[in-house]
Each structure stands twice: as C-alpha cells, then as structure tokens.
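Working notes for the structure below.
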Amino acid sequence: MKKAFITGITGQDGSYLAELLLEKGYEVHGLIRRSSTFNTSRIDHLFQDPHEENVRLHLHYGDMTDAAGMTNLIREIEPNEIYNLAAQSHVMVSFSMPTYTANVDAVGTITLLEAIRASRIKTKFYQASTSELFGSTPPPQNELSRFSPRSPYAAAKLYAYWTTVNYREAYGIHATNGILFNHESPRRGETFVTRKISKAVAAIKNGDQQKLYLGNLDAIRDWGYAKEYVESMWLMLQQDSPDDFVVATGVGASVSDFCQHAFNVVGLDWEDFVIQDPRYVRPTEVDKLIGDPSKVNKVLGWKAETNWEMLAKIMVEADLK
C-alpha cells in the first residue's frame, strides 16, 4: 500500500486530493495545525476512528516552520509521495502579513525539502506553485514564460519554486512544481473572490444580503475546477522523472464575467447588487492570467473538463443548498 503525506490537507485542494488518494487505495497522512477548535470540516466525511482496524487516514499535528518536527514526521511516516499544499494562500492578505507568508510559503517549503534530505527516504515531492508567479507577464503563460511576481505571496512562492528545482538538481530528489492557475470549488475559502461571489448570490437570492462589495472587476483569470486539478498533481508524481507543469483551462474570464454568470444562475442582474470598493484593490494588481496547458495535456494526458461558466453554476448551486 502506497503512503502519501499531504500538508494543507484541511484546505480545498488537500481535501479533494485526500479523497482521490483514498479512492486509489493509498494510506493518507495529513498535517494539521493545532487549534482549540476543530478546523477539519472539509475532511470530516473522510474521518476514520483510529481505534478501528484498517484505518487509512491519519492526521498529525505540526507546523511547516518546525524543522525538527517535520523531519521526525517524515522519518516516522516514510511516505512514497509528499504533496506540499500548505500555504498562506490569500494574495491580498500577504500584503498585510508578508513575513508570516514568507515563513510558511517559502521557508516552509525548504524546511520540508530539508526534512526529506535529512530523513534519507526515497520519496516523490510535489510543490504547489501558482500562476501568480507570472504576475505582469502577458498571457498565455506557460512553463517557459518569465516570472514577474506582484505580491509578497507570489514572491514567497517563487522562492519555493526555485528551491524545489534546486533540490531536484542538487540532491536528485524527485521534486516537481505544479504551476496551477486559479482553481475553485464549493470548498473554496469564503474570502476568495469566486466563493465570495457564489455565497453572496445565494444570500441575496434568499434575502439575507443586499449588496456585494468587490475590488478589481476587470482582472482576468483562468478558472478551473479544483476537484479535477488535484488529479494532475497525482499524475505528476506517477512520472519516472520530475518536471514542472502549468495546469490551466486555457480560457480566461473577468471578475465581472464571473459575477454576471453567477447572478444569472438565480435570474438576477449582477449590476444591481455589485459595488466596487477601493479597499479590496491590491497595491499591485495582476491584470491577466491565462495558462497554456499544452504540456500537461500532452505529457500527462490531463485536460480540464469544467469551464468557468460550469464552475460558477456548480458553486452557486452548492451555496444555495
């Protein structure tokens, strides 16, 4: 039985990935942060009583910045695959918390890679990179496009990207970067723009909310379905050789486009409810991110099935329920 270790297992991607790996017969280990309240809602349906036999989901308390703790955990679990999904992943928040973002997203990645090296285990490592690396570089963006980060989050992720490449080349670790463009779902955090929109649409339709306040309505993103995107992560680690892949739909839409389609699901005109608020505009904006998934289509045989219109409908309907 293969073992997988997922950091960020309680997040959107982590929960979908855990589901996928359990379906494939893996023993799954996940890293969670200690809290006085449970923060495992996205994986509660996967929970297995540790007192029962044949349990295949195991959760471990830990922190990405605790080098000794991470090394001990990796040595104890001896995973065949490691998926590093843990991050402070909100771009706007990274402007308010740049040091914390760097510690978790950048230093945390090198802590995990050092844990692999110190443990001397043979494993495959996946690093969750981001389309935010490209920043102001014009689309379509692919694996050879210039990186031009425009936020503390993107800068921290750029450090993590090159660290992953460096450990691959310097120490022969099977380390791969998945440069995923925006991927959303009903499990998306409520402060991210797509979920903020879908949740507001449901609340406005239900009479519980009057207006929706957003930042830059003209920003264009390549939005895909997170549940599909985690399969590309798994496929990357099934390859004999490590590499770096852009994962995207290849189609962009603006925030206003997403708003219009989301409100259309419930028969409302978005312009009657959406107000642009300067407080939600980033200090440095990324105008247009559209990925070129040619490589991941050809090498891994992976292709996005859900377009952004379908995604908006899925999310609104889930929030209505």
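Just so you know, these numbers use all the heavy atoms, side chains as well, and skip hydrogens, waters and symmetry mates.
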* To do: Would you check, one step at a time, whether the test side-chain contact (heavy atoms from CB on, under 4.5 Å) holds for N216 with V255?
  => CA-CA 8 Å; N216 182 6; V255 174; over 6 Å; no
* Asked: Is R42 reaching over with its side chain to a backbone N or O of T10, donor-acceptor style, under 3.5 angstrom?
  -> yes
* To do: In plain terms, say whether E184 and K199 are close enough for a salt bridge, that is, a side-chain N and a carboxylate O under 4.0 Å apart.
  => no
* side-chain hydrogen bond (donor to acceptor under 3.5 Å, both in side chains) against Q12, all qualifying residues, sequence neighbours excluded -> S185
* To do: Any pair with a residue in residues 274-293 that passes ring-ring contact (aromatic ring centres under 6.0 Å, His included), sequence neighbours left out, goes on the list, sorted by first then second residue, please.
  => none
* Side-chain donor or acceptor of Q141 paired with backbone N/O of T137 under 3.5 Å -> yes
* Asked: Is it true that the side chains of D105 and T101 contain a donor and an acceptor less than 3.5 Å apart?
  -> no
* **Contacts of type side-chain hydrogen bond (donor to acceptor under 3.5 Å, both in side chains), residue D319, not counting sequence neighbours** => R195, S198
* Asked: Residues in salt bridge (charged side-chain N to carboxylate O under 4.0 Å, His left out) with R120, at least two apart?
  -> none
* Residues forming a salt bridge (charged side-chain N to carboxylate O under 4.0 Å, His left out) with E114, sequence neighbours excluded -> R117
* Of the options M70, R75, E76, which is the one that meets N72 in a side-chain contact (heavy atoms from CB on, under 4.5 Å)? -> R75
* Worked verdict on E317 versus K321 for salt bridge (Lys or Arg N to Asp or Glu O under 4.0 Å) -> CA-CA 6 Å; E317 290 180 344; K321 290 179 182 178; over 6 Å; no
* Aromatic ring proximity, centroids under 6.0 angstrom, H261 and W308 -> yes
* Structure fact -> Contacts of K288 meeting salt bridge (charged side-chain N to carboxylate O under 4.0 Å, His left out) (sequence neighbours excluded), chain-then-number -> none
* Answer yes if the ring centres of F263 and F273 are under 6.0 angstrom apart, and no otherwise. => yes
* To do: Would you please indicate yes or no on a ring centroid separation below 6.0 angstrom for F147 and Y161?
  => yes
* Asked: Between the main-chain N or O of E309 and the side-chain N or O of N307, is there a donor-acceptor pair closer than 3.5 Å?
  -> yes
* For Y171, what residues pass the ring-ring contact (aromatic ring centres under 6.0 Å, His included) criterion, not counting sequence neighbours? -> Y167
* To do: State which residue, out of S94, S96, P283, fulfils the side-chain contact (heavy atoms from CB on, under 4.5 Å) condition with P152.
  => S94
* To do: Using the test side-chain hydrogen bond (donor to acceptor under 3.5 Å, both in side chains), find all partners of N54 that sit at least two apart in sequence or belong to another chain.
  => none
* Asked: With sequence neighbours excluded, what pairs up with K2 under the salt bridge (charged side-chain N to carboxylate O under 4.0 Å, His left out) test?
  -> E81
* Asked: At their closest point, which heavy atom of E228 faces which heavy atom of T306, and how far apart are they?
  -> OE2-OG1, 2.6 Å
* With sequence neighbours left out, write down each residue that passes side-chain hydrogen bond (donor to acceptor under 3.5 Å, both in side chains) with S15, or none if nothing qualifies. => R187
* Carboxylate-amine/guanidinium proximity below 4.0 Å for K295 and D244 -> no
* To do: Run the ring-centre check on F192 versus H90 and record whether the distance is less than 6.0 Å.
  => yes
* Is D277 reaching over with its side chain to a backbone N or O of R279, donor-acceptor style, under 3.5 angstrom? -> yes
* Evaluate whether atom NZ of K211 has more than 12 neighbouring non-hydrogen atoms of other residues, nucleotides or ligands under 6.0 angstrom away. => yes
Atom pairs and distances, donor-acceptor, side-chain atoms in residues 57-65, under 3.5 Å, two or more places apart:
residue	atom	partner	partner atom	Å
H58	NE2	V55	O	3.2
H60	NE2	H29	ND1	2.8
D63	OD1	T65	N	2.8
D63	OD1	T65	OG1	2.5

* To do: Identify, with sequence neighbours excluded, every residue that meets ring-ring contact (aromatic ring centres under 6.0 Å, His included) alongside Y229.
  => H183, W302
